[in-house]
Amino acid sequence: MAGMKDTALTLVILIALVVALVVGAEIAEIRLFGRIATNLCISLVLVLGLQVFMGNSGILSFAHIGFMGVGAYTSAVLTIPAQMKGMALPDLYPVLAAIQLSPYIAILIGGLTAAVVAALVSYPLMRLSDAAAVITSFALLVVLHTVMLHWSEITNGPRTLFGIPKATDLYLAAGIAILAIIGAMLFRESRTGLLLRATRDDETAAGAIGADVSRLRWKAFIISALFAGIGGALWGHFITSFSPKAFYLKETFVILGMLVIGGAPTVSGAVIGVFLVTFSFEVLRAFEASLNAAKIFTGQVVGVTEIVLALAMIAILILRPGGLFATMEIGVLFGRRRQKASEGEKQ
Amino acid sequence: MLDVAALELRYGAIRAVRDVSLTVGEGELVALLGANGAGKSSTLRAIAGAHKPASGTIRLNGENVTNQSPERMVRNGVAMVPETRDVFPDLTVAENLRLGAFTRRSDEAGVDEDTQRMFRLFPILSERAEQAGGTLSGGEQQMLVIARALMSRPRLLLLDEPSLGLAPTIVGRIFDMIAELKSGGLTMLLVEQNAAKALAVADRAYVMRSGEIAAEGTAADIAAASDLKALYLGG
Amino acid sequence: MTAYIQFLIDVLSLGGAYALMALGLVIVYGILRLVNFAYGELIMVTGYTMFLLGGSALPWIVMAAIGVLMAILAGIATDYVAFRPVRAKSVTAVLITSFAFSTLLQNAALLFISPRPRNVPLPDIFSETVHFAGIVTPARNLITIATAVILLAVFAWVMKRTVLGIAMRAAATHFTMARMLGVPANLIISTAFAISGFLAGIVSLFWIGRIGSVVPGIGLEPLLVAFIATVIGGMRSLQGAVLGGFLLAFIDTGLNYSLPQELLKFRDAFTFSLVILILLWRPAGLMKGPASGQRT
Ligand SMILES: Nc1ncnc2c1ncn2[C@@H]1O[C@H](COP(=O)(O)OP(=O)(O)O)[C@@H](O)[C@H]1O
Ligand SMILES: [Mg+2]
């Protein structure tokens with residue numbers, strides 16, 4: 001049984017991973033490592049958000065990255081210094097032009113805005129399943145993307161939005177990633193999480209014991225959007241300039257790949273997936289860069305990372321459909337091993 | 001002809017059928033009886049290749065066909081009339097029949113000839129030939145499904161509750177049909193709730209109870225067994 | 001009057017292309033319950049094949065035939081890479097593999113060809129215009145209409161009159177029952193993917209013919225179009241897909257003629273909101289498909 005002890009052990013292991021990452025990046029004292037580690041922590045927030053919904057409900061959502069965009073743009077608009085706004089967002093509504101909040105507050109507001117938008121639009125969608133659920137979430141992504149692309153007053157349209165104050169460093173990102181791990185784990189073990197997982201495994205049976213499937217999914221979807229919004233805002237204050245392209249299919253694919261490879265049903269899967277994919281991506285990028293430097297190909301070498309990720313996803317889904325951590329959290333695995341070892345000693 | 005040994009079927013963790021063994025000889029009509037949920041349909045589906053057995057073997061004329069696909073079983077000469085009937089509702093009666101002859105599709109003359117034979121056997125189908133299958137009455141659908149199964153020229157016909165939910169006069173006609181097919185030499189395995197009617201046409205019978213064979217014997221013996229009800233209900 | 005005819009030609013030529021796109025998506029979804037995210041890449045494959053053949057001395061029609069053939073092969077490859085190995089597993093797994101396969105093909109084009117647009121050979125007739133009854137229209141539009149009409153007729157004939165067509169329709173309602181009549185599952189699946197590739201390939205010739213070039217992301221818009229059209233038409237109905245295609249073309253063209261530029265850029269947001277509303281109202285799409293269905 002996955003009891004309190006296993007949950008605690010899982011949390012300790014996963015948080016230790018993040019701490020080790022921070023310490024490692026600090027010791028290495030290479031700026032590139034710091035960047036990679038920060039990006040990894042932001043990905044953790046995003047992927048854990050997707051895990052909250054997809055892992056517990058079993059339903060694929062394409063809209064997640066759209067909510068990341070909502071958070072990023074909200075926080076950006078609220079923090080770009082007043083004197084820069086004239087240039088960065090020439091058509092901004094005068095009410096907003098005067099506002100300039102601290103990025104830390106704005107990041108939170110970004111998350112909340114994403115959650116509110118999700119709450120408003122998603123409730124009726126939650127009763128759909130299978131193809132209808134997937135196509136509606138895809139349609140929602142397209143709608144969000146179109147709005148970002150053309151609501152020039154707020155987003156500067158398809159052009160790059162710049163002038164966002166830098167506020168995200170490794171410590172902030174790691175701190176929020178740790179909170180996200182705890183949040184996702186608490187949700188998984190909460191009553192809502194348990195019921196939702198029951199609906200994932202058998203919708204009719206869970207309905208029969210009185211679980212309101214739509215409502216359960218809706219709660220998870222809102223929390224998931226909250227994570228996405230915060231993750232997006234964090235990323236915005238790290239990268240300091242972006243355009244709507246950053247919140248579309250390519251990013252959806254990467255986030256989904258991390259979750260699927262690690263294992264959507266578990267929090268451990270989400271975390272391990274982010275670590276694995278991030279590190280392999282860096283290796284592959286270095287490989288791409290060396291190919292480019294060696295000028296073996298006439299043009300720029302691009303796309304290798306995505307190709308490898310796609311192949312890895314397909315391979316995982318064929319060989320281990322639930323991902324690396326398909327059913328058991330990492331703490332349970334360790335707990336078992338320890339138990340076995342101590343039983344061995346007794347004999 | 002058919003030889004099932006120690007068959008076990010599962011739905012996830014549920015064992016629906018355990019240790020079922022039965023045989024059907026050439027030209028025989030064997031009835032498989034039992035209460036609702038006894039595992040009759042599952043057994044039939046397994047023989048038709050539509051449900052992979054957890055263990056056990058299925059042999060056809062001595063050849064092991066245990067894990068073969070449904071389409072392969074049709075080519076082996078086994079045709080299935082499922083209890084859910086499964087007329088293709090959007091296909092016309094004629095198209096349903098033509099599909100029944102899928103494995104013989106290159107033999108166009110033969111298929112046409114068989115279609116005419118089915119129309120003579122079931123004149124109502126001939127009247128309805130261009131009508132969508134979904135618009136037929138229950139009895140007509142049952143006839144269509146039997147005719148469709150016969151279009152593959154099977155050597156073994158699996159019939160799952162052909163009388164289910166039909167008016168008594170229609171039930172009588174269906175059983176006349178079955179008797180006629182039997183006298184034509186077709187081998188059949190017939191699942192029925194209507195034990196009296198089934199035993200009247202069958203040579204031998206098996207009674208299933210909660211996933212196992214509870215009794216077997218000649219149709220006359222089983223019919224004469226005073227505890228038929230008890231066998232059914234597990235008393 | 002001429003304005004109406006002009007409008008009609010625009011709707012029919014766009015609608016013909018949309019209808020074929022939608023049909024290619026629905027043929028796979030209807031039978032296999034697979035929303036094939038790699039569908040747009042089939043269109044891309046034809047485009048790049050044409051680009052690669054562009055330098056050769058082959059007549060255009062031969063290049064086009066090879067282009068369509070490659071789309072068919074890519075369609076069948078989708079089956080083997082993304083569908084068959086996971087088809088017994090969850091619906092979500094199949095969706096993700098098709099999404100991954102789509103990314104794979106796009107990035108292969110990016111890596112091995114170029115991120116930048118590449119020119120595709122076009123037949124001379126595509127750039128000619130036709131004048132009649134006071135109307136000026138690209139010959140390409142009329143060819144699109146004619147091709148769509150012919151293909152839809154042939155398709156309807158195949159589905160209605162051939163045993164394989166009947167088997168495909170049967171498999172869309174009840175896959176296992178069709179198999180219990182001797183219809184081989186693999187034959188049906190491969191045929192569905194091949195038809196899907198064929199339709200995508202044909203559409204590609206006209207779609208790319210409008211732009212004259214191909215980029216790795218070219219498949220996204222057709223995919224979205226096919227989504228909307230199938231949702232409007234009922235996700236499992238072949239006739240519905242065709243109708244949905246023409247209806248969407250009517251809406252699109254109508255909005256283009258009537259909506260101010262300021263709102264036109266939000267058109268996708270409107271149409272996709274409409275898609276969401278339709279699915280909420282009727283999760284299986286506006287038009288009813290064949291009775292029940294399951295994937296085995
Ligand atoms: N698709 C299924 N999923 C789960 N359990 C099933 C399924 N089909 C049948 N069963 C179970 O298997 C047992 C045997 O069913 P069935 O073969 O239909 O019996 P019968 O035809 O004798 O009424 C029943 O307990 C039934 O609940
Ligand atoms: Mg039954």
Side-chain angles (χ1 to χ4, degrees), chain B residues 44-52 68-108 111 130 132-135 141 144-145 147-154 157-158 160, chain C residues 26-27 30-32 84 87-90 155-192 233-242 284-285 287-296:
Chain B
L44 234 51
R45 272 202 300 274
I47 297 170
H51 187 132
K52 294 270 165 282
Q68 291 191 350
S69 65
E71 51 264 35
R72 186 67 205 276
M73 290 310 289
V74 177
R75 276 187 284 140
N76 290 339
V78 177
M80 167 85 156
V81 174
E83 74 186 314
T84 39
R85 287 194 194 131
D86 296 320
V87 155
F88 293 111
D90 306 307
L91 268 52
T92 64
V93 167
E95 286 171 339
N96 267 284
L97 289 178
R98 197 163 164 209
L99 198 59
F102 188 86
T103 47
R104 307 163 43 214
R105 60 193 178 283
S106 50
D107 173 22
E108 279 178 35
V111 173
E130 292 309 317
T135 63
Q141 288 196 3
L144 174 57
V145 176
R148 190 178 66 186
L150 292 173
M151 289 296 290
S152 69
R153 292 200 178 158
L157 182 64
L158 308 171
D160 197 349
Chain C
V26 166
I27 185 93
I31 295 174
L32 310 173
R84 206 166 286 209
R87 95 170 199 245
K89 293 164 188 152
S90 73
F155 186 78
W157 183 85
V158 167
M159 295 307 278
K160 190 77 194 147
R161 294 282 166 230
T162 67
V163 188
L164 190 59
I166 295 173
M168 306 274 303
R169 281 157 59 213
T173 349
H174 200 322
F175 204 111
T176 310
M177 188 61 233
R179 295 182 70 185
M180 287 197 287
L181 294 178
V183 179
N186 289 340
L187 174 70
I188 294 297
I189 297 172
S190 295
T191 310
M235 295 196 289
R236 305 191 33 235
S237 155
L238 298 175
Q239 293 96 318
V242 173
M287 251 159 276
K288 227 171 131 281
S292 68
Q294 71 190 55
R295 183 168 56 92
T296 312

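Within every chain, numbering begins at 1; the chains are lettered A, B, ... in the order of the sequence lines, protein sequences first and strands thereafter. Fair warning: this is a prediction, and the values are worked out from it, not measured in the lab.
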Self-check item: Side chain / backbone / both / neither for C:Leu187 at chain B, heavy atoms under 4.5 Å
Solution: side chain
Quiz prompt | Winner by heavy-atom pair count (cut-off under 4.5 Å) against chain B, out of C:Ala167, C:Ala178, C:Gly182 | solution = C:Gly182
Quiz item: Which residues pass the side-chain contact (heavy atoms from CB on, under 4.5 Å) test with B:Arg85, sequence neighbours left out?
Solution: B:Gln141, B:Gln142, B:Val145, B:Leu164, B:Leu166
Quiz item: Do you see a donor-acceptor pair shorter than 3.5 Å between the side chains of B:Arg75 and B:Ser69?
Solution: no
Kindly list each side-chain donor-acceptor pair under 3.5 angstrom involving residues 91-99 of chain B, sequence neighbours excluded, with atom names and distances?
unit_1: B:Thr92; atom_1: OG1; unit_2: B:Glu95; atom_2: N; d: 3.1
unit_1: B:Glu95; atom_1: OE1; unit_2: B:Thr92; atom_2: N; d: 2.9
unit_1: B:Glu95; atom_1: OE1; unit_2: C:Arg169; atom_2: NH2; d: 3.0
unit_1: B:Glu95; atom_1: OE2; unit_2: C:Lys160; atom_2: NZ; d: 3.2
unit_1: B:Glu95; atom_1: OE2; unit_2: C:Arg169; atom_2: NH1; d: 3.3
unit_1: B:Asn96; atom_1: OD1; unit_2: B:Phe88; atom_2: N; d: 3.2
unit_1: B:Asn96; atom_1: OD1; unit_2: B:Arg148; atom_2: NH1; d: 3.1
unit_1: B:Asn96; atom_1: ND2; unit_2: B:Phe88; atom_2: O; d: 3.3
unit_1: B:Asn96; atom_1: ND2; unit_2: B:Leu91; atom_2: O; d: 3.2
unit_1: B:Asn96; atom_1: ND2; unit_2: B:Thr92; atom_2: O; d: 3.1
unit_1: B:Arg98; atom_1: NH1; unit_2: C:Arg161; atom_2: O; d: 2.9
unit_1: B:Arg98; atom_1: NH2; unit_2: C:Arg161; atom_2: O; d: 3.2

Practice problem: Look up atom CG in B:Asn76 and atom CD in B:Gln68, then write down how far apart they are to the nearest 0.5 Å. | Solution: 5.0 Å
Exercise. Side chain from CB out, backbone as N, CA, C, O: work out which of these in B:Met80 comes under 4.5 Å of a heavy atom of chain C, or both, or neither.
Key: both
